[in-house]
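Below: one structure, written as structure tokens.
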There are 2 protein chains.
Amino acid sequence: MWAVTGPEKPRRTTAQDVAAPKRTSGATAPAPPRRTAPEPARRTAAPEPALRASAPRKTRATVHDVAAAAGVSRGTVNRVLNGGYVSTDARAAIEAAIAQVGYVPNRAASNLARQRSQAVGFLALEPHSLLLEDPNIGAIMLGANAALSLADHQMVSLVIDSDRDTQRVGRYLSGGFVDGAIIVSARSHDPITRLIAEIGLPATFVGHPPDLARTIPFVGIDNVGSARAITGRLMQTGRQRIGMIAAALDRDSGADRLTGFKEALGDRFDPQLVADVPLYDYAYGVKGMRALLDREPEIDGVFAASDAVAAGALETLREAGRRVPEDVGLVGFDDSSWALRAQPQLSTVHQPAREIGRTAAESVLQQIGGVEPVELSVLLDSPVVWRHSA
Amino acid sequence: MWAVTGPEKPRRTTAQDVAAPKRTSGATAPAPPRRTAPEPARRTAAPEPALRASAPRKTRATVHDVAAAAGVSRGTVNRVLNGGYVSTDARAAIEAAIAQVGYVPNRAASNLARQRSQAVGFLALEPHSLLLEDPNIGAIMLGANAALSLADHQMVSLVIDSDRDTQRVGRYLSGGFVDGAIIVSARSHDPITRLIAEIGLPATFVGHPPDLARTIPFVGIDNVGSARAITGRLMQTGRQRIGMIAAALDRDSGADRLTGFKEALGDRFDPQLVADVPLYDYAYGVKGMRALLDREPEIDGVFAASDAVAAGALETLREAGRRVPEDVGLVGFDDSSWALRAQPQLSTVHQPAREIGRTAAESVLQQIGGVEPVELSVLLDSPVVWRHSA
DNA sequence: CTGAAAGCGCTAACAT
DNA sequence: ATGTTAGCGCTTTCAG
């Protein structure tokens, strides 16, 4: 059809036409059924595998085809696609043509021409376990997505789960697929961090200030201050032997929470009463609490570095026959669903995760727009939520 | 100036150059070389990139620049980039040039030329709450990513959280940014489902068979059979009054689990003993269990449609003074972390989430490669895990 | 208001 | 082995 249409020279002979996968159809013998032999009778029951969609993907219509079908030039087609002055007749004809040939714009091509992608990458550099369970990062994603969506940008979230992924994502980031990136919990030495700086991709960090690059905007909360605040209230309510289950000391948030704890306690701080564990995780909460109980059976106040950790601690306390909050006061951090589900509900520090995501998105959007962020880092409010565990 | 450089014809006079904001400064100043302008002087020892990353993003080097710097043609550069015969000298020169000019390939352009993106979209069409907390979808993602990674494909996960998102993601999917897609828990009427079918994008569904399109591959588990199995064991252990908290009956998985429950019970099935709730959620577990307890105080066996639901039910039972498993046997579904964290740990049905992701990825990869999947749908094994709650 | 033409940065077929 | 030359599909001047 389009090949012979109009004055245009006969376009392409698409490689696909030539290289079309030659299936040796004759083979009636189906390859051995994969894994679990699904009793064919079960669900499926699709007797007509004929209508398959894939097949040699039909070569899609282009502006060219539309133009030809409408009897106008590509320029005009483009004008109706994106705003522009077009006569009503032409517009009608073109719209008809679009429908007729089933035209769907190729954004990729458009991006190349425009030199921008209208997309922003979202990377969470967390260990799997957290990626899977931490509701915070989900909320941050949703917040970021909402903001980007408003600005008509596509958020594409990229998972990094191996060195190979790091490479590939690096290529993706620097390959023109995104105009910017939001990076959650990067460490300074993360290869991606360096890359971002190198290629000068607009980006903002969340959850960990980029020591390395003091030049990249950061959105987060004041971990030190909040830890201080919640520990303070533990003191005010009369707890005498207050300990902490510190977690993830290798990352800023973890270290900061411990710092805040120390600051609040001042002279009363006793290193013996700090158990430290590697991750913000329920299981480590159990472990940490056991350690604390061992070292100081008289302990009557505990600040767990996160709600998940607190939940683990709570379980341990219960097993040890300690009542919460009567015998020991327990507080967490994050205000995640762990806090609400615990029995009793946990007093904790509220992390405005959604807001954080939104703010981060706005920050990259600004950068993309060429605006220097007024302040390199912004700390959002993270109020203490007083519930029943202390 | 650059117009007389080298043998290449004076490439484009980029519109921008003309339209460039005319600085009123001294006439001596050469026209500000915007974008492309292959002025040789450029790269050499970046003179104070002002440290900041953003600003007018420095115009990136292209194959052209590399070719020029190495004194070869673009074709040759391309050959060293992607495999091809290149003399050692040329290769060395080019590699040096690449490093010198700081060349980073523009994958977007390459994709356009090659007509493929080496990327696969991942969409989870779940209500937020689940997206945030359901560890299953995280595991599926990780599994899919691993498989795609092996095949050197980038997984890009797209979140749909509003109608606007649906539109945008639709454009993204049909805009040439991905070669295929993995779609988790779509319903037949989901706009995306239709779209996929329309544009004939290689795709496979997870978690819900596409009624609408019996033509699109599906990966999942046998919900009916597994529900039947676990309910059966509840019966075998002597429970007399067995009820179910059915959830999400509007989706296949939910409906199937109920079906399996009925099948297992046969004559003994009593509709009164089924409480149904809208979502696989802890809070609904609480609600559902209360309803059941109201209707039948003598209840001594409960099949909750998911572990989260079971956890809620467990809490309610505890509050009602029922001991598990002594007074009532309780089983869940999913084998998520809820099951392990519960006290006692839940007997449940194991969902091979990671495997599911992997399998789905392999399925789209096959389709992309032009291979028709041998079987349209594959059901993976989902064994019962017997623990302590029943 | 519309058409023509030059690109975006890279790939691939075709000559050397 | 290397250079040349068309494109990929869309955007954006610049004439008319």
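Only a predicted model underlies this, so the values are computations on that prediction, with no experimental measurement involved.
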Please state whether the phosphate of C/dC10, meaning OP1 or OP2, lies under 4.0 angstrom from any side-chain nitrogen or oxygen of B/Asn78. no
Ignoring backbone atoms, test whether A/Thr62 places a side-chain nitrogen or oxygen under 4.0 Å from the OP1 or OP2 oxygen of D/dC8. no
Spacing of B/His64 atom NE2 relative to D/dT4 atom P, expressed in whole Å: 10 Å
D/dC10 C1' sits how many Å from B/Asn111 CG, rounded? 15 Å
Heavy-atom pair of closest approach, residues B/Arg74 and B/Ala67: N-CB, 3.9 Å
Among residues 95-105 of chain A, which ones have heavy-atom contacts with DNA chain D below 4.0 Å? A/Tyr103, A/Pro105
B/Arg171 has an atom CZ; how far is it from atom P of D/dG9, in whole Å? 20 Å
Select from B/Thr88 and A/Arg107 the residue whose nearest nucleotide in DNA chain D is closer to the 5' end of that strand. B/Thr88
Sole candidate of A/Leu148, A/Val364, A/Val178 that passes side chain to side chain contact (heavy atoms under 4.5 Å, CB included) when paired with A/His153: A/Leu148
Between P on D/dC8 and CG on A/Asp65, what's the gap in Å once rounded to a whole number? 11 Å
Which atom pair, heavy atoms only, marks the closest approach of A/Ala108 to B/Gly176? CB-O, 4.1 Å
Rounded distance in Å - CD1 (B/Ile94) to C1' (D/dT2): 10 Å
In whole angstrom, give the distance that lies between atom CZ of B/Arg91 and atom P of D/dA1. 11 Å
Contact under 4.0 Å: B/Ser110 side-chain N or O vs C/dT11 OP1/OP2: yes
A/Ser117 and A/Phe177 have their tightest heavy-atom pair at OG-O, 3.2 Å
5'-most contact on DNA chain D (nearest-nucleotide basis), B/Tyr85 vs A/Ala61, goes to B/Tyr85
Considering only D/dC8, C/dA12, C/dC1, which nucleotide approaches the side chain of B/Arg114 most closely? C/dA12
Mind checking B/Ala90 for me? I need base, sugar-phosphate or nothing, with any heavy atom below 4.0 Å counting as a touch. sugar-phosphate
Which pairs with one or both residues in residues 101-110 of chain B pass side chain to side chain donor-acceptor pair (under 3.5 Å), sequence neighbours excluded? none
Below 4.0 angstrom from OP1 or OP2 of D/dG3, is there any side-chain N or O of B/Thr76? yes
Nearest-Å distance, CZ (A/Arg74) to P (C/dC1)? 22 Å
From the set C/dG9, D/dC10, D/dT2, return the single nucleotide nearest to any side-chain atom of B/Val86. D/dT2
Give a yes/no answer on whether the side chain of A/Gln115 brings an N or O atom under 4.0 Å of OP1 or OP2 in C/dG9. yes
Pairs in or reaching into residues 72-93 of chain B: which pass ring-ring contact (aromatic ring centres under 6.0 Å, His included), with residues at least two apart or in two chains? none
Tell me: CZ of A/Arg60 to C1' of D/dC10, nearest whole Å? 12 Å
Note: A/Ala181 and A/Ile196 closest approach over all heavy atoms is CB-CD1, 4.3 Å
Reckon B/Asn106 touches a base, only the sugar-phosphate, or nothing at all at heavy-atom distances under 4.0 Å? sugar-phosphate
Any chance you could lay out the salt bridge (charged side-chain N to carboxylate O under 4.0 Å, His left out) test for B/Asp65 and B/Arg60, step after step, and finish with the verdict? CA-CA 9 Å; B/Asp65 303 325; B/Arg60 284 168 34 171; over 6 Å; no
